[in-house]
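Only heavy atoms go into these numbers, but all of them, side chains included; no hydrogens, no water, no symmetry mates. When a ligand or atom number is given, it counts from 1 through the structure's own listing order.
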Amino acid sequence: MLYRRRTLDLPRGELKTPVLFPVRNLGKRSSDNTPAYAGTIPEFSAAMVNARSIRNRDPMWQRLTNGVSLREEMDVPEDTIVFADSGGFDFTSEEVDTTPAKTLNTQRQLEADIYGTVDIPLSRENRDAENERRVNRSAQYALKASDQHDGDGFLIASVHGYDPETVRNNIQYLERHGDFDGYALGSMVSIRTDYKKVTKLIISARKSTDKHLHVYGLGGLVYQPLLLYMGVDSFDSSAFIRSAGNRNYLIPGFGGEELRNIESLDHLPCPCPICGKRSLNEIREDRTALTQHNLWALSTELRRFRYVAESGRDIEEYLDLRFQGNGVTQRAYETAKQQVRRLT
Ligand SMILES: [Zn+2]
(Lines give C-alpha, C1' and ligand atoms only; values in the text may rest on other atoms or scores of the structure.)
Protein backbone atom coordinates (compact mmCIF):
# COMPACT_ATOMS: atom_id res chain seq x y z
CA MET A 1 0.00 0.00 0.00
CA LEU A 2 1.44 3.35 -1.02
CA TYR A 3 -1.02 5.61 0.85
CA ARG A 4 0.85 7.41 3.61
CA ARG A 5 0.45 10.08 6.27
CA ARG A 6 3.19 12.47 7.27
CA THR A 7 3.65 15.74 9.15
CA LEU A 8 5.64 18.57 7.58
CA ASP A 9 7.42 21.00 9.87
CA LEU A 10 7.03 24.31 8.02
CA PRO A 11 7.87 27.93 8.96
CA ARG A 12 4.19 28.67 9.81
CA GLY A 13 3.64 25.45 11.67
CA GLU A 14 2.92 21.82 11.12
CA LEU A 15 1.01 20.54 8.13
CA LYS A 16 -0.49 17.10 8.12
CA THR A 17 -0.41 15.31 4.79
CA PRO A 18 -1.88 14.15 2.49
CA VAL A 19 -3.33 17.56 1.88
CA LEU A 20 -5.05 19.57 -0.81
CA PHE A 21 -3.90 23.11 -1.58
CA PRO A 22 -6.91 24.95 -2.99
CA VAL A 23 -5.70 27.37 -5.67
CA ARG A 24 -6.09 30.99 -4.73
CA ASN A 25 -6.24 33.10 -7.87
CA LEU A 26 -4.80 36.32 -6.48
CA GLY A 27 -3.87 38.71 -9.20
CA LYS A 28 -6.47 37.47 -11.61
CA ARG A 29 -9.82 39.04 -12.40
CA SER A 30 -11.89 39.18 -9.27
CA SER A 31 -14.67 37.03 -10.80
CA ASP A 32 -12.20 34.13 -10.89
CA ASN A 33 -11.14 34.67 -7.35
CA THR A 34 -11.56 32.15 -4.63
CA PRO A 35 -14.27 32.84 -2.07
CA ALA A 36 -13.21 32.78 1.55
CA TYR A 37 -12.78 29.26 2.84
CA ALA A 38 -10.12 29.65 5.51
CA GLY A 39 -11.65 28.93 8.87
CA THR A 40 -14.77 27.38 7.32
CA ILE A 41 -13.32 24.04 6.24
CA PRO A 42 -10.92 22.89 8.95
CA GLU A 43 -8.52 20.87 6.81
CA PHE A 44 -8.11 23.60 4.21
CA SER A 45 -5.79 25.86 6.19
CA ALA A 46 -3.47 26.00 3.19
CA ALA A 47 -3.47 27.66 -0.22
CA MET A 48 -1.58 27.52 -3.50
CA VAL A 49 -0.68 30.87 -5.05
CA ASN A 50 1.13 31.81 -8.23
CA ALA A 51 4.21 33.93 -7.45
CA ARG A 52 4.48 35.26 -10.97
CA SER A 53 0.94 36.56 -11.32
CA ILE A 54 1.13 38.24 -7.90
CA ARG A 55 4.42 39.96 -8.76
CA ASN A 56 3.00 41.13 -12.11
CA ARG A 57 -0.11 42.63 -10.56
CA ASP A 58 1.08 46.09 -9.82
CA PRO A 59 -1.13 47.73 -7.18
CA MET A 60 -1.11 44.48 -5.17
CA TRP A 61 2.63 43.94 -5.48
CA GLN A 62 3.23 47.52 -4.26
CA ARG A 63 1.08 46.87 -1.20
CA LEU A 64 2.95 43.61 -0.55
CA THR A 65 6.34 45.32 -0.75
CA ASN A 66 5.12 48.19 1.48
CA GLY A 67 4.22 46.34 4.62
CA VAL A 68 0.98 44.49 3.79
CA SER A 69 1.39 40.75 4.28
CA LEU A 70 0.20 38.22 1.75
CA ARG A 71 -2.16 36.73 4.34
CA GLU A 72 -3.68 40.18 4.95
CA GLU A 73 -4.09 40.66 1.21
CA MET A 74 -5.79 37.24 1.01
CA ASP A 75 -7.87 37.97 4.11
CA VAL A 76 -6.86 34.72 5.79
CA PRO A 77 -5.32 34.00 9.24
CA GLU A 78 -1.59 34.70 9.55
CA ASP A 79 -0.86 31.02 10.16
CA THR A 80 -2.30 29.97 6.78
CA ILE A 81 0.22 27.74 5.01
CA VAL A 82 1.08 29.00 1.54
CA PHE A 83 2.61 27.05 -1.34
CA ALA A 84 3.96 29.56 -3.87
CA ASP A 85 4.23 27.98 -7.27
CA SER A 86 6.76 29.82 -9.50
CA GLY A 87 4.43 30.30 -12.45
CA GLY A 88 7.52 31.25 -14.45
CA PHE A 89 6.15 30.21 -17.79
CA ASP A 90 3.46 32.06 -19.62
CA PHE A 91 1.97 30.02 -22.41
CA THR A 92 1.11 33.12 -24.41
CA SER A 93 4.65 34.49 -24.56
CA GLU A 94 6.45 31.11 -24.80
CA GLU A 95 9.35 32.66 -22.91
CA VAL A 96 10.40 32.36 -19.31
CA ASP A 97 10.26 35.86 -17.84
CA THR A 98 11.82 35.11 -14.48
CA THR A 99 14.97 33.58 -13.03
CA PRO A 100 15.39 31.19 -10.12
CA ALA A 101 16.78 34.08 -8.02
CA LYS A 102 13.92 36.44 -8.87
CA THR A 103 11.36 33.75 -8.13
CA LEU A 104 12.98 32.93 -4.79
CA ASN A 105 12.92 36.62 -3.86
CA THR A 106 9.22 36.80 -4.65
CA GLN A 107 8.50 33.64 -2.66
CA ARG A 108 10.42 35.07 0.32
CA GLN A 109 8.60 38.40 0.04
CA LEU A 110 5.29 36.48 0.13
CA GLU A 111 6.54 34.60 3.21
CA ALA A 112 5.52 31.38 1.54
CA ASP A 113 6.07 28.13 3.44
CA ILE A 114 6.68 26.05 0.34
CA TYR A 115 8.59 27.26 -2.72
CA GLY A 116 8.10 25.59 -6.10
CA THR A 117 11.05 25.99 -8.49
CA VAL A 118 10.78 27.64 -11.92
CA ASP A 119 9.77 25.21 -14.63
CA ILE A 120 8.70 24.94 -18.24
CA PRO A 121 5.78 22.57 -18.69
CA LEU A 122 5.81 20.03 -21.50
CA SER A 123 3.26 20.11 -24.25
CA ARG A 124 1.59 17.31 -26.15
CA GLU A 125 2.09 19.27 -29.34
CA ASN A 126 5.85 19.65 -28.92
CA ARG A 127 8.41 17.53 -30.69
CA ASP A 128 10.26 15.09 -28.43
CA ALA A 129 13.46 17.11 -28.72
CA GLU A 130 11.71 20.25 -27.50
CA ASN A 131 10.19 18.43 -24.52
CA GLU A 132 13.55 16.93 -23.67
CA ARG A 133 15.08 20.42 -23.74
CA ARG A 134 12.32 21.61 -21.39
CA VAL A 135 12.86 18.74 -18.95
CA ASN A 136 16.56 19.61 -18.77
CA ARG A 137 16.01 23.34 -18.42
CA SER A 138 13.55 22.83 -15.57
CA ALA A 139 16.12 20.62 -13.83
CA GLN A 140 18.80 23.32 -14.21
CA TYR A 141 16.43 25.98 -12.83
CA ALA A 142 15.75 23.73 -9.85
CA LEU A 143 19.48 23.28 -9.16
CA LYS A 144 20.03 27.06 -9.33
CA ALA A 145 17.23 27.54 -6.81
CA SER A 146 18.84 24.91 -4.58
CA ASP A 147 22.17 26.82 -4.71
CA GLN A 148 20.51 30.10 -3.78
CA HIS A 149 18.03 28.82 -1.23
CA ASP A 150 18.88 29.74 2.35
CA GLY A 151 16.89 26.98 3.96
CA ASP A 152 13.96 28.98 5.36
CA GLY A 153 11.06 27.69 3.32
CA PHE A 154 10.48 24.16 2.10
CA LEU A 155 12.05 23.91 -1.37
CA ILE A 156 10.23 21.66 -3.82
CA ALA A 157 11.84 20.91 -7.18
CA SER A 158 9.43 20.92 -10.11
CA VAL A 159 9.93 17.76 -12.13
CA HIS A 160 8.71 16.87 -15.59
CA GLY A 161 8.87 13.79 -17.71
CA TYR A 162 7.10 12.28 -20.69
CA ASP A 163 7.76 8.70 -19.61
CA PRO A 164 8.36 6.90 -16.29
CA GLU A 165 12.08 6.58 -16.96
CA THR A 166 12.59 10.32 -17.55
CA VAL A 167 10.74 11.09 -14.33
CA ARG A 168 12.89 8.65 -12.37
CA ASN A 169 16.18 9.83 -13.91
CA ASN A 170 15.24 13.44 -13.32
CA ILE A 171 14.45 12.93 -9.63
CA GLN A 172 17.60 10.88 -9.09
CA TYR A 173 19.70 13.55 -10.84
CA LEU A 174 18.21 16.34 -8.71
CA GLU A 175 18.64 14.26 -5.57
CA ARG A 176 22.35 13.79 -6.30
CA HIS A 177 23.13 17.37 -7.29
CA GLY A 178 20.77 19.53 -5.27
CA ASP A 179 19.24 19.90 -1.84
CA PHE A 180 15.46 19.65 -1.96
CA ASP A 181 12.76 18.99 0.61
CA GLY A 182 10.59 17.30 -1.95
CA TYR A 183 9.50 17.07 -5.56
CA ALA A 184 6.49 18.26 -7.53
CA LEU A 185 5.41 16.53 -10.69
CA GLY A 186 4.16 18.91 -13.39
CA SER A 187 2.81 18.83 -16.96
CA MET A 188 -0.02 16.55 -15.85
CA VAL A 189 -2.97 18.75 -16.77
CA SER A 190 -2.52 18.50 -20.54
CA ILE A 191 -2.48 14.67 -20.34
CA ARG A 192 -5.08 14.35 -17.57
CA THR A 193 -7.48 12.24 -19.65
CA ASP A 194 -4.71 9.72 -20.42
CA TYR A 195 -5.14 8.05 -17.04
CA LYS A 196 -2.80 5.21 -17.80
CA LYS A 197 0.08 7.53 -18.62
CA VAL A 198 -0.64 9.83 -15.68
CA THR A 199 -0.73 6.97 -13.17
CA LYS A 200 2.51 5.49 -14.54
CA LEU A 201 4.34 8.83 -14.27
CA ILE A 202 3.09 9.39 -10.72
CA ILE A 203 4.01 5.91 -9.55
CA SER A 204 7.44 6.32 -11.09
CA ALA A 205 7.92 9.56 -9.13
CA ARG A 206 6.67 7.92 -5.93
CA LYS A 207 9.09 5.02 -6.34
CA SER A 208 12.03 7.37 -6.99
CA THR A 209 11.93 9.26 -3.70
CA ASP A 210 10.72 8.90 -0.15
CA LYS A 211 10.60 12.69 0.20
CA HIS A 212 7.47 14.81 -0.07
CA LEU A 213 5.71 14.34 -3.43
CA HIS A 214 3.32 16.94 -4.79
CA VAL A 215 1.37 16.62 -8.06
CA TYR A 216 0.49 19.91 -9.77
CA GLY A 217 -3.03 20.57 -10.98
CA LEU A 218 -4.78 17.22 -10.52
CA GLY A 219 -6.58 17.63 -7.20
CA GLY A 220 -10.11 17.31 -8.61
CA LEU A 221 -12.79 14.95 -7.39
CA VAL A 222 -11.85 11.92 -9.49
CA TYR A 223 -8.08 12.19 -9.23
CA GLN A 224 -8.02 12.83 -5.49
CA PRO A 225 -8.67 9.24 -4.34
CA LEU A 226 -6.28 7.95 -7.03
CA LEU A 227 -3.51 10.28 -5.83
CA LEU A 228 -4.03 9.23 -2.22
CA TYR A 229 -3.94 5.59 -3.23
CA MET A 230 -0.65 6.13 -5.10
CA GLY A 231 0.99 7.69 -2.04
CA VAL A 232 1.03 11.31 -3.23
CA ASP A 233 1.49 13.69 -0.27
CA SER A 234 -0.10 16.84 -1.65
CA PHE A 235 -1.92 18.19 -4.67
CA ASP A 236 -3.61 21.39 -5.69
CA SER A 237 -6.80 22.15 -7.49
CA SER A 238 -8.71 24.98 -9.04
CA ALA A 239 -11.40 22.51 -10.19
CA PHE A 240 -13.84 23.85 -7.63
CA ILE A 241 -13.59 27.35 -9.16
CA ARG A 242 -13.62 26.26 -12.79
CA SER A 243 -16.51 23.87 -12.19
CA ALA A 244 -18.56 26.57 -10.51
CA GLY A 245 -17.87 28.84 -13.49
CA ASN A 246 -19.44 26.15 -15.70
CA ARG A 247 -22.33 25.75 -13.23
CA ASN A 248 -20.98 22.32 -12.45
CA TYR A 249 -21.92 20.87 -9.07
CA LEU A 250 -19.39 18.40 -7.66
CA ILE A 251 -20.84 15.32 -5.96
CA PRO A 252 -18.44 13.27 -3.80
CA GLY A 253 -18.24 9.67 -4.96
CA PHE A 254 -19.54 10.60 -8.41
CA GLY A 255 -18.14 13.62 -10.19
CA GLY A 256 -19.56 16.82 -11.65
CA GLU A 257 -23.19 17.38 -12.58
CA GLU A 258 -24.28 20.40 -14.58
CA LEU A 259 -27.00 22.14 -12.64
CA ARG A 260 -29.04 22.72 -15.79
CA ASN A 261 -29.58 18.95 -15.99
CA ILE A 262 -31.33 19.00 -12.63
CA GLU A 263 -34.82 20.47 -12.78
CA SER A 264 -37.24 19.30 -10.19
CA LEU A 265 -35.30 18.79 -6.98
CA ASP A 266 -35.93 21.03 -3.99
CA HIS A 267 -32.55 20.26 -2.43
CA LEU A 268 -29.25 19.00 -3.74
CA PRO A 269 -27.80 15.72 -2.40
CA CYS A 270 -25.32 17.32 0.00
CA PRO A 271 -25.69 18.32 3.63
CA CYS A 272 -22.67 20.69 3.69
CA PRO A 273 -23.13 24.08 5.41
CA ILE A 274 -23.76 25.67 2.01
CA CYS A 275 -26.32 23.22 0.58
CA GLY A 276 -27.91 22.01 3.80
CA LYS A 277 -30.44 24.81 4.15
CA ARG A 278 -30.44 26.31 0.67
CA SER A 279 -32.77 25.27 -2.11
CA LEU A 280 -31.51 24.10 -5.49
CA ASN A 281 -32.59 27.39 -7.03
CA GLU A 282 -30.70 29.48 -4.50
CA ILE A 283 -27.50 27.60 -5.30
CA ARG A 284 -28.17 27.75 -9.02
CA GLU A 285 -28.17 31.54 -8.81
CA ASP A 286 -25.21 31.98 -6.46
CA ARG A 287 -21.84 31.22 -7.96
CA THR A 288 -19.98 31.89 -4.72
CA ALA A 289 -22.17 29.37 -2.89
CA LEU A 290 -21.56 26.86 -5.68
CA THR A 291 -17.79 27.37 -5.44
CA GLN A 292 -17.89 26.94 -1.67
CA HIS A 293 -19.96 23.78 -1.96
CA ASN A 294 -17.49 22.41 -4.53
CA LEU A 295 -14.70 22.88 -1.99
CA TRP A 296 -16.75 21.02 0.60
CA ALA A 297 -17.19 18.25 -1.96
CA LEU A 298 -13.40 17.96 -2.31
CA SER A 299 -13.01 17.81 1.46
CA THR A 300 -15.72 15.14 1.71
CA GLU A 301 -13.92 12.96 -0.83
CA LEU A 302 -10.71 13.36 1.20
CA ARG A 303 -12.45 12.63 4.50
CA ARG A 304 -14.06 9.46 3.16
CA PHE A 305 -10.74 8.09 2.00
CA ARG A 306 -9.14 8.89 5.35
CA TYR A 307 -12.03 7.29 7.18
CA VAL A 308 -11.70 4.11 5.16
CA ALA A 309 -7.95 3.99 5.83
CA GLU A 310 -8.15 4.84 9.53
CA SER A 311 -10.96 2.43 10.27
CA GLY A 312 -8.86 -0.39 8.92
CA ARG A 313 -11.16 -1.10 6.00
CA ASP A 314 -9.80 -2.38 2.73
CA ILE A 315 -8.93 0.66 0.60
CA GLU A 316 -9.00 -1.30 -2.66
CA GLU A 317 -12.47 -2.61 -1.86
CA TYR A 318 -13.60 0.96 -1.24
CA LEU A 319 -12.05 2.18 -4.49
CA ASP A 320 -13.63 -0.73 -6.43
CA LEU A 321 -16.97 0.69 -5.31
CA ARG A 322 -15.92 4.32 -5.69
CA PHE A 323 -15.04 3.92 -9.36
CA GLN A 324 -17.55 1.33 -10.54
CA GLY A 325 -20.01 3.90 -11.84
CA ASN A 326 -17.81 5.20 -14.63
CA GLY A 327 -15.98 3.02 -17.17
CA VAL A 328 -13.20 5.50 -17.89
CA THR A 329 -12.21 6.19 -14.30
CA GLN A 330 -12.68 2.54 -13.41
CA ARG A 331 -10.04 1.60 -15.98
CA ALA A 332 -7.80 4.34 -14.60
CA TYR A 333 -8.09 2.89 -11.13
CA GLU A 334 -7.52 -0.66 -12.42
CA THR A 335 -4.30 0.51 -14.10
CA ALA A 336 -3.12 2.17 -10.91
CA LYS A 337 -4.05 -0.92 -8.90
CA GLN A 338 -2.00 -3.25 -11.13
CA GLN A 339 1.03 -1.00 -10.78
CA VAL A 340 0.66 -0.53 -7.04
CA ARG A 341 0.27 -4.27 -6.52
CA ARG A 342 3.44 -4.95 -8.47
CA LEU A 343 5.27 -2.75 -5.99
CA THR A 344 3.83 -3.93 -2.72
ZN1 LIG B 1 -22.83 21.04 -0.47
(request) Enumerate the protein N/O/S atoms at a distance below 2.8 Å from the Zn ion (ligand 1), ignoring waters. (result) Cys270 SG, Cys272 SG, Cys275 SG, His293 ND1

(message) Take a 6.0 Å sphere around CG of Asp128 and say whether it holds more than 12 heavy atoms from other residues, nucleotides or ligands.
(response) no

(request) Please say whether more than 12 non-hydrogen atoms of neighbouring residues, nucleotides or ligands are located less than 6.0 Å from CG in Asp179. (result) no

(message) If we count only N and O atoms by modelled type, under 3.5 Å, do the side chains of Asp85 and Asn50 hold a donor and an acceptor together?
(response) no

(message) For Asp233 and His214: C-alpha separation, side-chain torsions, deciding distance, then whether side-chain hydrogen bond (donor to acceptor under 3.5 Å, both in side chains) applies.
(response) CA-CA 6 Å; Asp233 300 302; His214 181 90; over 6 Å; no

(message) Would you say the rings of Tyr195 and Tyr223 are close, in the sense that their centroids are separated by under 6.0 Å?
(response) yes

(message) Does anything in residues 303-342 form a ring pair (Phe, Tyr, Trp, His ring centres under 6.0 Å)? List the pairs, not counting sequence neighbours.
(response) Tyr3-Phe305, Tyr229-Tyr333, Phe323-Tyr333

